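Single-structure report; data block below.
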Amino acid sequence: MINTTDHEALLCIKSQLILSNRAGALATWSNGSLDFCRWQGISCNWQQGHTRRVVALDLEGEGIIGQIPPCISNLTYLARIHLPFNRFHGTMPPELGQLSRLRYVNLSSNALSGVIPAEIASCSRLRIISLRNNSFNGGIPAAFSNNSWIRVIDFNRNSLSGKVSSSLGNLSSLVSLYAAVNHLTGDVPDSLARLSSIQVLDLTYNNLSGIVPSAIYNLSALKYLGLGNNGFVGRLPSTMGNTLPKIEKIIMSVNKLNGEIPRSLANATNLIYIFLAQNSFRGVIPSLGTLLNLQGLFLFENRRLEAGDWTFLSSLTNCTRLSFLELNGNNIQGNFPSSVANLSRNLEYLVMRSNHLSGTIPSGIVNLVGLSILYLDNNMLTGPIPDSIGKLRNMFVLNLSKNKFSGNIPTSLGNLDILYELYLQENRLSGVIPAELAGCAKLVALNISSNNLGGPIPQGLFGKLNQLNWLLDLSNNQFTHSIPDDIGSLINLESLNISNNNISGQIPSNLGSCVLLEELRLEGNLLEGQIPPSIGALKGIKEMDFSQNDLSGKIPEIFEMFNSLQYLNLSFNNFDGPLPTNGIFANASDRLFLQGNPRLCTTTATRNIPLCSSKLSARKNMFLVKLLAIILVFVAVSLLFLFMFLFRKKATRKNSRLLLESSTDFRILSYNDLSQATDGFSSANLIGSGQSSLVYKGSPGEEIHQMIAIKVFKLGHSDASRSFLAECRALRNIRHRNIVKVITACSTYDPLGNEFKALVLEYMPNGTLEDHLHTKYPRYGYLCLGARIGIAVGVASVLEYLHILSVPPMVHCDLKPSNILFDDDNLPRVGDFGLARFLHDLPLSYGHQNPTSLIAPRGSVGYIPPEYGMGSRISTEGDIYSYGIVLLEMLTGKRPTDELFDDGFTLRKYVEDALPEVGEILDPDLSKEIEGDHTGSCIESYKQGNKAEVQKCILQLLNLGLQCSEEAPKDRPNIQDIYTEVVAVKEYFLCCSAKET
């Protein structure tokens, strides 16, 4: 039997809603069909002999627009409302309070606003309410306290204001309370300590203040306590760790907490992360060696924390999973202890900058083989930089600046071949720049300023370090000789400072090749001659300082055309003749410095510079006439050459050559250079094709043996120009060892006058993950389980860097096997950033997403998260979904678009239905490997007793893939937890696998 009231209520709801053109979700809701229990998104009770009533609405991500109609309250048997990821707006109807059977409400990720109606609390059976990612204001209704059933309240990322109601303490069944990223004020009420079942309490990113009630720490079920980014004051109770036996993460950073960190914290043995940074804690850091699961300890910027006798550091040697140790900005004094060498080999980040460390760096630091970030700057360390530091081959950023180091720059630093940033400035280093530093070919920032270094700058060094794109600072030393000619290799460099040395000779003309320069400082040297005209190529320059040299000649008029120029200092040289009159010379008295050039003159009486004489003016007029004649001749000759160029035969391509000085010394490449390198963009050199681009391999020249990859954008495609700009912007800002590196870009016109845009990238000779998994060619070889786990770790490392560590954070948006490539050493590299987007203003801590993230672009079918297909905004959770699908594909050997998967049966469902048994769904090659039957070259064979342990690793990765590919973004893990888990799987795998003897 069909209930007519429910039928009419559903038609009423439909009549007040609008569907986007994406879907016809409510097409089945028709007056011609009385059986509404078969309508899409409707669930009914099916008791024999009873009238069927609507009990659930499930319409997630259907593109529905409009306000939630009040007539929804006529569905009196409704127990579940699930409407997230739509475009509902307006207020939440108070009529929902009439649904006495309602147990579950999810209206998250819509555009709802106004206050949360108190009437909803009348739903006495309500257990879960999620309103996150809307624009609700006002407070949390106190009426919720009358509901003894409620278990989850999720109001994250709204605009809630006012105080947290003390009556919430009556919610005896509450398990999770999420109210982060709002505008809540006042104290945390003592009554919350009565929430005996609560496991998650997240109030981060609010305006709360006062003293945290000590009774909060008596919540025995609590696993996550998030009180960071508020204004709490006072001390933590001395018994804190005794009363939080299950706590895994404490976030209380960015408050005004003071006093000592309780020693009892060591009793909370389940702790994984401790965030107590940016407070006012003082005293000695307690020993935390009992926290065997600890992975991250963040105590930075408390100002008054001390090391005492360094017992706390020695105790951390028990924490074998420790990956992050950040103690910067405190009052840590004394000699750097040798016990640092005994810390976990998993340690990746060691940050102790801005303390009062003294003594030398222990040579045993070489034991920290996993170290990738080391900040010891702004301390009082002395002695030489140990040679052993060159053995830390995973080093990514090394900052030893602002100390008292002496001696030479160790030649062993040249072994750090994935080093991206090196800072040694403001020390007492002497000697020369070691030629071995050229081994750090991936450096993007190098600062060795303010030392006692001398001698010439090594010839060829800049050609080897041509990846420098952020900073090169050699200032305030005693360098001699001229600026090396290969300075022009730094085509992506933004800031160059060689000031205050003893550099002589002329300014190199090829400095104009550094077209991205924004800051150029050459002051305080012995430079002579004229400023070369090639400087005019620096269109984006903002600051230039040529002062205190011996430069001469006229000030080039090209300076007038620098629209971005904000500061120009030409003082104390020997310039002569009239000043230019436009650009920065027009009205820039506070940005332009010209004193100390007695032979300068001006045609206007606006400066403290003498007027030019009529003789000089006549001479200038004569000069202009001659210059005009020269320009006319030059233009005529140029037009003639252009005409000849457009009609020359293809055979003349053979007379071109790539402008390479060495295998890593790339200059600006023209269309002809790239055409010659690819044999005229021959199909024989085509190695990849996408919707908006083609990828060719190229040979720079017979004398150079390094291959390059050239990504040519199909400018006839609507997205090609945007993809080119997006990829240039992304690759210019990111630096990671598992990301394909860009060498240069080319934006020009081909011989027929068509626009041409291309990227020149590192050539990845060993194919893609797609090739290895699905193309059974011998050249690609077999991917053993250990290699697949390594790929999972490498790709997770990239996502962690993009989502959290890059500035600004970024989302890749197109993660799939064909975009995971392999270099010469078969290490995975993530490429294709054509869809990448920056998440500006995304908070760097705790994984909160900015609610104003950009609308999602399209990705690739099978890897696009479901919310993207529903018009949701891009987020880091989208990349997590794609990563999960890739993980499942690596282990099963099946694409998500396999013909097996249709009619709602997906790769995820395929895996989910099979677990915990993995035998039938596993890639057959992996099954053979485990059984020892595979004959490939990359094979692990396992002792009989270890096969079960290896299968546990596979099961753990499959489960992780399922978690990452959950349909709802909120149910997916964050990238830090993912990276931690895949690293743990890798370590466990290495322990339990062994070669047969």
Side-chain angles (χ1 to χ4, degrees), residues 441-444 462-463 465-470 487-496 510-518 537-541 656 658-661 663-678 681 685 687-688 690 692-700 706-717 719-736 739-751 754-764 810 812 814 819 821 829-838:
K442 298 181 180 179
L443 275 178
V444 298
F462 296 146
L465 301 183
N466 61 4
Q467 299 297 310
L468 285 167
N469 63 20
W470 179 12
I487 190 72
S489 302
L490 307 179
I491 60 175
N492 295 311
L493 190 63
E494 294 181 2
S495 177
L496 174 62
N510 60 4
L511 192 60
S513 299
C514 306
V515 292
L516 297 182
L517 269 181
E518 296 181 359
L538 308 182
K539 302 298 185 182
I541 198 76
S656 305
L658 283 175
L659 298 175
L660 297 176
E661 294 181 357
S663 62
T664 58
D665 186 10
F666 285 84
R667 297 172 182 262
I668 298 175
L669 302 182
S670 67
Y671 175 88
N672 279 350
D673 294 329
L674 300 182
S675 178
Q676 181 186 9
T678 58
F681 300 104
N685 289 320
I687 57 175
S692 60
S693 64
L694 299 170
V695 182
Y696 299 86
K697 65 179 178 180
S699 177
Q706 178 186 359
M707 297 291 289
I708 56 176
I710 302 163
K711 184 174 184 178
V712 180
F713 289 81
K714 304 175 185 175
L715 295 182
H717 190 275
D719 290 334
S721 292
R722 180 186 59 77
S723 295
F724 174 76
L725 292 174
E727 196 151 2
C728 285
R729 186 166 177 241
L731 292 171
R732 177 179 170 183
N733 284 273
I734 56 178
R735 306 180 292 278
H736 193 279
I739 292 177
V740 176
K741 306 304 183 302
V742 65
I743 296 170
T744 189
C746 178
S747 180
T748 184
Y749 293 88
D750 65 16
N754 299 314
E755 192 176 8
F756 177 85
K757 295 184 184 294
L759 288 176
V760 180
L761 306 159
E762 284 183 306
Y763 176 60
M764 298 286 111
M810 181 190 302
H812 185 278
D814 197 18
N819 287 339
L821 303 93
R829 303 281 201 96
V830 175
D832 196 345
F833 283 75
L835 295 180
R837 293 291 183 273
F838 291 111

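Here, residue 1 is the first one in the sequence, and each next residue gets the next number. Predicted, not measured: the structure shown is a model, and the values here were computed from it.
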Heavy-atom side-chain proximity of [X] to [Y] below 4.5 angstrom:
{"X": "V740", "Y": "F833", "value": "no"}
{"X": "L516", "Y": "N469", "value": "no"}
{"X": "V712", "Y": "T678", "value": "no"}
{"X": "I491", "Y": "T744", "value": "yes"}
{"X": "C746", "Y": "K757", "value": "no"}
{"X": "L761", "Y": "K711", "value": "yes"}
{"X": "Y696", "Y": "L694", "value": "yes"}
{"X": "I708", "Y": "I743", "value": "yes"}

Quick check: closest heavy atoms across [X] and [Y], and the distance to 0.1 Å?
{"X": "A537", "Y": "G512", "result": "CB-O, 3.4 Å"}
{"X": "G488", "Y": "S513", "result": "O-CB, 3.5 Å"}
{"X": "A709", "Y": "V695", "result": "CB-CG1, 4.4 Å"}

From [X] atom [atom1] to [Y] atom [atom2], the distance as rounded to the nearest 0.5 Å:
{"X": "T748", "Y": "L674", "atom1": "OG1", "atom2": "CG", "value": "9.5 Å"}
{"X": "E762", "Y": "K442", "atom1": "CD", "atom2": "NZ", "value": "5.5 Å"}
{"X": "F462", "Y": "L468", "atom1": "CZ", "atom2": "CG", "value": "8.5 Å"}
{"X": "E494", "Y": "L517", "atom1": "CD", "atom2": "CG", "value": "9.0 Å"}
{"X": "R837", "Y": "M810", "atom1": "CZ", "atom2": "CE", "value": "10.5 Å"}
{"X": "S495", "Y": "E518", "atom1": "OG", "atom2": "CD", "value": "8.5 Å"}

Short side-chain donor-acceptor distance under 3.5 Å, D673 and S670: yes
Kindly say whether the aromatic ring centers of F681 and Y671 come within a distance under 6.0 Å. yes
Check whether any side-chain N or O of H812 sits under 3.5 Å from a backbone N or O of G831 as a donor-acceptor pair, and report yes or no. yes
Would you check if the side chain of N819 reaches a backbone N or O of D832 as a donor-acceptor pair within less than 3.5 Å? no
Flag if over 12 foreign heavy atoms under 6.0 Å of NZ, K697: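 No, NZ of K697 has 12 or fewer neighbouring heavy atoms, counting only those of other groups under 6.0 Å.
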